[in-house]
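Heads up, the thing below is written out as structure tokens.
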Amino acid sequence: MNVKPVGARVLVFFKTEEKTQAGLILAKSAQEKPEFCSILAVGDGVENKDLQVGTKVMVHRYAGTDIEYDGIQASLVKESDVIAIVEDE
């Protein structure tokens, strides 16, 4: 499946599986949605040229529409829901 965001939206990847210190895997419904993610695809209407495939970003906690994309949990979010670009040092 190929997903191309429409307008000013980006497709982002969230880590869906989290383990407790005891090694238990938490279901997605038992976790808070993480804020940090990586961009998988960018819509044609995105104006910020820094938002490119592979860029790490921070988004609003409950932003977007969750989808399954190539077997991973992803979310389609508006460009305005991206609140920061995360740069590795």
Side-chain angles (χ1 to χ4, degrees):
M1 172 171 76
N2 189 14
V3 176
K4 175 70 175 168
V6 176
R9 290 180 173 74
V10 294
L11 179 66
V12 295
F13 163 73
F14 292 99
K15 180 181 174 186
T16 60
E17 202 174 80
E18 187 172 313
K19 289 186 180 181
T20 65
Q21 289 181 345
L24 298 173
I25 296 176
L26 295 176
K28 184 176 189 301
S29 60
Q31 303 174 31
E32 280 195 17
K33 187 174 179 182
E35 295 178 331
F36 295 95
C37 52
S38 295
I39 295 177
L40 296 173
V42 179
D44 294 332
V46 173
E47 295 177 1
N48 186 338
K49 300 304 176 196
D50 291 330
L51 298 179
Q52 300 174 2
V53 174
T55 301
K56 293 179 184 174
V57 295
M58 179 189 278
V59 299
H60 287 290
R61 185 172 302 272
Y62 298 105
T65 301
D66 293 337
I67 64 169
E68 187 169 323
Y69 174 74
D70 284 343
I72 60 173
Q73 198 62 34
S75 187
L76 281 165
V77 299
K78 295 177 185 175
E79 178 181 14
S80 60
D81 288 330
V82 176
I83 56 177
I85 295 173
V86 180
E87 297 178 352
D88 293 328
E89 292 181 12

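Heavy-atom basis, side chains included; hydrogens, waters and symmetry copies ignored. Throughout, residue positions are numbered sequentially from 1 according to the sequence presented.
- Contact annotation: the side chain of V82 never approaches that of V12 to less than 4.5 Å [non-hydrogen atoms, C-beta and beyond].
- When all heavy atoms of A41 and V53 are compared, the closest pair comes out as CA-CG2, 4.0 Å.
- Across F13 and Q73, no two heavy atoms sit closer than the pair CD1-O, 3.7 Å.
- Side chain of K4 to backbone of V42: a donor-acceptor contact under 3.5 angstrom is found.
- Here R9 does not pair with D81 in a salt bridge; the nearest charged N to carboxylate O distance is not below 4.0 Å.
- Note that CD1 of I39 and CD of Q52 are 8.5 Å apart. Values are rounded to the nearest 0.5 Å.
- For the residue pair K56 and S38, the shortest heavy atom distance occurs at CG-OG, 3.8 Å.
- For the atom pair OG (S80) and CD (E47), the distance works out to 11.0 Å, reported to the nearest 0.5 Å.
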Point to revise | Stepwise side chain to side chain contact (heavy atoms under 4.5 Å, CB included) check, V57 with V77 | key: CA-CA 11 Å; V57 295; V77 299; over 6 Å; no
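- Rounding to the nearest 0.5 angstrom, the gap separating the OG1 atom in T55 from the CG atom in L40 is 11.0 Å.
- The shortest distance between side-chain heavy atoms of L11 and P5 falls below 4.5 Å.
- Residues passing the side chain to side chain contact (heavy atoms under 4.5 Å, CB included) test with D50 are N48, I85, sequence neighbours excluded.
- Heavy-atom minimum distance, D66 versus S75: OD1-OG, 3.4 Å.
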